[in-house]
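Working notes, beginning with the structure itself.
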Amino acid sequence: MSTTEQRVAVVTGAARGIGAATAVRLAAEGRAVAVIDLDEAACKDTVEKITAAGGRALAVGCDVSDEAQVEAAIARIAEELGAPTILVNNAGVLRDNLLFKMSAGDWDTVMNVHLRGAFLMTRAVQKHMVDAKFGRVVNLSSSSALGNRGQVNYSAAKAGLQGFTKTLAIELGKFGITANAVAPGFIVTDMTAATAARVGMGFEEFQAAAATQIPVQRVGRPDDIANAIAFFTGDDAGFVSGQVMYVAGGPLN
Ligand SMILES: NC(=O)c1ccc[n+]([C@@H]2O[C@H](COP(=O)([O-])OP(=O)(O)OC[C@H]3O[C@@H](n4cnc5c(N)ncnc54)[C@H](O)[C@@H]3O)[C@@H](O)[C@H]2O)c1
């Protein structure tokens, strides 16, 4: 594919963790990649990894839960990188607590970043996908969608993203657009490090304990998730839509 035909991917929350690994992986697949995170400067490392390997990338500061910032970010990406036709809604936060101690603010923050953020980003990008008669949307769900103590907000948001994904698949299919969800299990990132701290365990010890509960007997790495996202965003995956793939080292349902 020539540079003018190169597909443009948008990855949110791509300054670190799963988003950073996904941005680098999609660039290796030949995509130009918009690296979105709250702070534009924090996206520098991911962008440099991509450009050092000969790829094209753009750092974009944007709070995905802010409507005006999302519209401005997508307009800038279309102008500077090209019309985006691949979207990975990955940005996420935790505000864990047991129900009786959870504040309404912590409920709203989690809903706003995961659900409102995915909605705003997808609505902004879909017009470019419809014009191109091609699109790939991947939403990050979680094994927590099946229920997890201390995460009533997060598990509701991650289950919500599964319904969001299936409805996108139904509405947008006729435009050549697919929508799928990847639901990671335990992946080693700052997010799981924060969970270890919350439960008062060292991160190494926390990982070792988690690995014993996982059929493949290890915890996941960001690249394990990037691999699944690369499949769903591929040109060859056009008949796979509305699916939720658990990437968790074993079966979950
Ligand atoms: N790590 C895991 O075990 C795991 C498991 C299941 C699902 N997930 C999901 O995968 C995704 C990535 O998780 P991670 O572990 O890499 O997390 P992480 O905390 O390492 O990275 C998340 C990134 O999202 C960014 N972000 C947060 N709020 C944002 C906003 N409003 N706008 C833009 N960017 C924002 C953060 O700045 C950060 O760079 C999340 O949606 C998470 O819920 C992670």
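Counting starts at 1 for both ligands and their atoms, in listed order.
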With heavy atoms only and a cut-off of under 4.0 Å, state how C62 meets ligand 1: side chain, backbone, both or neither.
-> backbone
Would you say K158 and ligand 1 have an N/O pair spaced under 3.5 Å apart?
-> yes
Do any N/O atoms on G185 end up under 3.5 angstrom from N/O atoms on ligand 1?
-> yes
Proximity winner for atom 34 (N) of ligand 1, if only heavy atoms of A248, A91, G220 are counted = A91
closest protein heavy atom to atom 24 (O) of ligand 1 is G13 CA, 3.4 Å
Atom 19 (O) of ligand 1 sits nearest the protein heavy atom R16 NH2, 2.8 Å
Quick look: T189 vs ligand 1, heavy-atom contacts under 4.0 Å, and the answer is side chain
Looking only at protein heavy atoms, which one is nearest to atom 9 (C) of ligand 1, and how far off is it?
-> Y154 OH, 3.7 Å
What closest approach, in Å, do S144 and S155 show between heavy atoms, and which atom pair accounts for it?
-> O-CB, 2.7 Å
4.0 Å heavy-atom contact, L38 with ligand 1 = yes
Residue, atom name and distance, where the atom is the protein heavy atom closest to atom 32 (N) of ligand 1 = V64 N, 3.1 Å
Following the transitive rule for hydrophobic clusters with a side-chain heavy-atom cut-off under 4.5 Å over Ile, Leu, Val, Met, Phe, Trp and Tyr, establish whether L161 and I86 coincide in one cluster.
-> no
Less than 4.5 Å apart, any side-chain heavy atom of E71 and any of R123?
-> yes
In the protein, which heavy atom is nearest to atom 31 (N) of ligand 1, and how far is it?
-> D63 OD1, 2.9 Å
Nitrogen or oxygen of V113 less than 3.5 angstrom from that of ligand 1 = no
How far apart are the closest heavy atoms of G242 and N180, and which atoms are they?
-> N-OD1, 3.3 Å
Shortest non-hydrogen contact between T178 and S241, atoms and distance = CA-OG, 3.4 Å
List the atom of A156, the atom of M111, and the distance in Å for their closest heavy-atom pair.
-> CB-CE, 3.9 Å
Sub-4.0 Å atoms of ligand 1 with respect to non-hydrogen atoms of S142 = 6 (C), 7 (C)
Do I36 and ligand 1 have an N or O pair less than 3.5 Å apart?
-> no
What are the atoms of ligand 1, with element, lying closer than 4.0 Å to any heavy atom of N90?
-> 10 (O), 11 (C), 12 (C), 40 (C), 41 (O)
Salt bridge (charged side-chain N to carboxylate O under 4.0 Å, His left out) between D235 and R31: does it pass, once the steps are laid out?
-> CA-CA 11 Å; D235 285 24; R31 316 311 191 178; 3.3 Å; yes
Look at the aromatic rings of H114 and Y154 and report parallel, tilted or perpendicular, splitting at 30° and 60°.
-> perpendicular
Around atom 22 (C) of ligand 1, find the nearest protein heavy atom and jot down its residue, atom name and distance.
-> G92 O, 3.8 Å
Shortest non-hydrogen separation from G234 to R136 and the atoms involved = O-NE, 2.9 Å
Taking atom CD of E79 as the centre, report whether more than 12 heavy atoms of other residues, nucleotides or ligands fall under 6.0 Å from it.
-> no
M129 vs V137 side-chain heavy atoms within contact, under 4.5 Å | yes
Closest protein heavy atom to atom 37 (O) of ligand 1, given as residue, atom name and distance to 0.1 Å | D37 OD1, 2.6 Å
Return the minimal non-hydrogen interatomic distance between V8 and L81, and the atom names on each side.
-> CG2-O, 3.5 Å
Report the part of V93 in contact with ligand 1, treating N, CA, C, O as backbone and CB onward as side chain, heavy atoms under 4.0 Å; options are side chain, backbone, both, neither.
-> side chain
Take L140 and K158, measure what side-chain contact (heavy atoms from CB on, under 4.5 Å) needs, and give me the verdict at the end.
-> CA-CA 8 Å; L140 269 290; K158 291 307 199 185; 4.3 Å; yes
Polar atom proximity, S141 to ligand 1 (N or O, under 3.5 Å) = no
Verify the neighbour count for atom NZ of K44: are there more than 12 heavy atoms of other residues, nucleotides or ligands below 6.0 Å?
-> no
Is the closest N or O pair between I18 and ligand 1 shorter than 3.5 Å?
-> yes
Atoms of ligand 1 under 4.0 Å from any heavy atom of H114, numbered from 1 in the order shown, are 41 (O), 43 (O)
Going by the order shown, which atoms of ligand 1 are within less than 4.0 Å of some heavy atom of I187?
-> 1 (N), 2 (C), 3 (O)
Number the atoms of ligand 1 from 1 as they appear, then name those within less than 4.0 Å of a heavy atom of G17, with their elements.
-> 16 (O)
